[in-house]
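No hydrogens, no waters, no symmetry mates; every other heavy atom, side chains included, goes into these values. Counting starts at 1 for both ligands and their atoms, following the listed order.
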Amino acid sequence: MTLDGEALEQLRKRARSGGADKYHAANEAKGKLFARERVALLVDEGSFVEDGLYANALAEGLPADGVVTGTATIDGRQVCLMANDSTVKAGSWGARTVEKIIRIIERAYGAGVPMVYLVDSAGARITDQVDLFPGRRGAGKIFWNQVRASGSIPQVCALFGPSAAGGAYIPAFCDVVAMVDGNASMYLGSDRMVEMVTGEKTTLEAMGGAKVHTAESGVGHFLCKTEADALDVVKTYLSYLPANWTQAPPAAPAVAAPAKVDLAALVPASERQAFDMRRYVKGLLDEGSFFEIQALWAKELTIGFGRLDGQVVGVLGNNSMFKGGVLFVDSADKATRFVQLCDAFNVPLLFLSDVPGFMVGSAVEKQGIIRHGAKMITAISEATVPKICVVVRKAYGAGLYAMAGPGFEPDATIALPTAKIAVMGAEAAVNAVYANKIAAIADADERAAFVAARRAEYEQDIDVVRLASELVVDAIVEPHDLRTELVRRFAAARTKDRHFSRRRHGVTPV
Ligand SMILES: CCC(=O)SCCNC(=O)CCNC(=O)[C@H](O)C(C)(C)COP(=O)(O)OP(=O)(O)OC[C@H]1O[C@@H](n2cnc3c(N)ncnc32)[C@H](O)[C@@H]1OP(=O)(O)O
């Protein structure tokens, strides 16, 4: 075939226009943008270089084979990207679609630049299955490549529509997923399939919608109102991360902490009174820099990126506003993944502890709280980035270990003057040791006096000065000095040795 300029322009136009008008109109009615509009909104103007525009150009009705792939810059930094075109066979993957996706991930991995996935797809194109599904470069190779790239380059997903069956694993293998409320969904079997297999009547939204995944399953990380919001999340996420695991996160000009926040006043003296750790974090970090992740899921643990004097840090803080800040199965998983993410991309870790410990009881035992807790403690142990544990109010039981306590090679354990570190809280400890004696005291006043005396003894044992004198904590720091102390200590830890263990990898308690 010979092509003159006009014929090539026609071919190009056809490939760029996507699928049938009715599918463009249907998307528009749902407030969805065309895949190419999403790319244009995300990347620096004029920076996109496309690959595979003519994929399946000889077939009828499969422009670009339903996926846009290429390289671009975001805020001047190089990325690779793919964007499903849901106007072409619902964004399903044909053989060329799969090959294009595999190639762009391989390219991102090879170049050491982030990979961005703009997902809106029906998963495997069932009618093409022999070509796309089982082979060496079939759809499985997409996931293999994602797993290989995980922790080597940032991988971030914005989900705008369905992400069906195999398609659901693309977001799942990403570091974070932003989901557009009302349109985005992830599920292994469609509602029709679920009814056929199990008899359950459900909908994509009820089973795998954005609210479900960002608040209940934890597979999604950000609930976004609009597509533009989801694209902003992608940009913001990348702004905290290096291009790949060999580089340091990008520094920014230092910004002071918010002047009006009095950290000491934020923490109530009584352990029974809750406070919002998110306010504490925002008061401590550079003003406006806190970027919370999974804000709606496992809220008893607050996580996110921020900056201290312009340098990126990953923050984990127990939030007593939710479930008393106790660690549960989900919060342990939330911590595990975030610690691994930060460690992979050289983001120092700041632990702000106000933790009563892990939850106890038959419900959580049946959910495997022990192995989830062990997983979290494994991640904390294996993390070799600079890590600092600040005991803001308390660190009890295995909660101390899970929040990078002294045994977990932190670069420092810092206690605020009112901090308590103990195997458990005073009330529980007195009850554990003296239950028989307490029960044997008939007189109520005498019993109360006995309990108060034992409690006072116990409190003396865990006094913060005693802990500092025993070298359990490295410093006692007043709240108004905490930020400066952290800036200096993180700077000092930047060049630390990051070797952990002589082995291929551990056997994680999953
Ligand atoms: C690795 C294993 C796998 O991934 S197996 C993949 C299994 N996938 C599925 O079961 C999803 C099936 N599709 C759906 O549920 C819907 O199409 C979803 C994704 C919800 C989108 O709905 P909606 O926007 O209304 O589109 P639609 O159903 O009208 O479809 C538009 C055109 O696309 C086609 N299509 C859709 N999905 C596939 C698919 N997986 N394989 C092949 N073709 C697919 C439809 O047939 C329809 O085509 P046409 O335009 O009528 O010719």
Selection from Trp93, Tyr23, Phe143, Phe133 by shortest heavy-atom distance to atom 29 (O) of ligand 1: Tyr23
Under-4.0 Å protein heavy-atom contact, atom 41 (N) of ligand 1: yes
Closest candidate by heavy atom, reference atom 17 (O) of ligand 1, pool Gly167, Gly123, Gly161, Ala90: Ala90
Atom 31 (C) of ligand 1 protein-contacted, heavy-atom criterion under 4.0 angstrom: yes
The one among Ala124, Ser185, Ser121 that brings a heavy atom closest to atom 4 (O) of ligand 1: Ala124
Heavy-atom nearest neighbour in the protein, as seen from atom 10 (O) of ligand 1, with distance rounded to 0.1 Å: Ile126 CD1, 4.4 Å
Flag for Asp229-Thr226: side-chain donor and acceptor within less than 3.5 Å: yes
Minimum-distance protein heavy atom relative to atom 18 (C) of ligand 1: Pro162 CG, 4.3 Å
Sub-4.0 Å atoms of ligand 1 with respect to non-hydrogen atoms of Ala165: 3 (C), 4 (O), 5 (S), 6 (C), 7 (C)
Pair Lys334 + Glu292: basic N to acidic O under 4.0 Å: no
Backbone N/O of His499 and side chain of Thr384: donor-acceptor pair under 3.5 Å: no
Leu204 N/O under 3.5 Å from ligand 1 N/O: no
Closest non-hydrogen atom pair, Val176 against His221: CA-ND1, 3.5 Å
Residues Arg96, Glu99: salt bridge by 4.0 Å N-O rule: no
N/O donor-acceptor pair under 3.5 Å between Glu287 side chain and Val255 backbone: no
Check: Val88 and Leu62 side chains under 4.5 Å, non-hydrogen atoms: yes
Nitrogen or oxygen atoms of Gly166 and ligand 1 under 3.5 Å apart: yes
Whether Asp181 side chain and Lys225 backbone form a donor-acceptor pair below 3.5 Å: no
Heavy-atom nearest neighbour in the protein, as seen from atom 52 (O) of ligand 1, with distance rounded to 0.1 Å: Lys89 NZ, 2.6 Å
Short N-O contact, Asp120 and Lys32, less than 4.0 angstrom: yes
Arg125 neighbourhood, listing ligand 1 atoms whose heavy-atom distance to it stays under 4.0 Å: 41 (N), 42 (C)
Backbone N/O of Gly18 and side chain of His24: donor-acceptor pair under 3.5 Å: no
Test item: protein heavy atom less than 4.0 Å from atom 37 (N) of ligand 1: yes
Ligand 1 to Ala122 polar contact by distance, N or O atoms, under 3.5 Å: yes
Ligand 1 to Tyr187 polar contact by distance, N or O atoms, under 3.5 Å: no
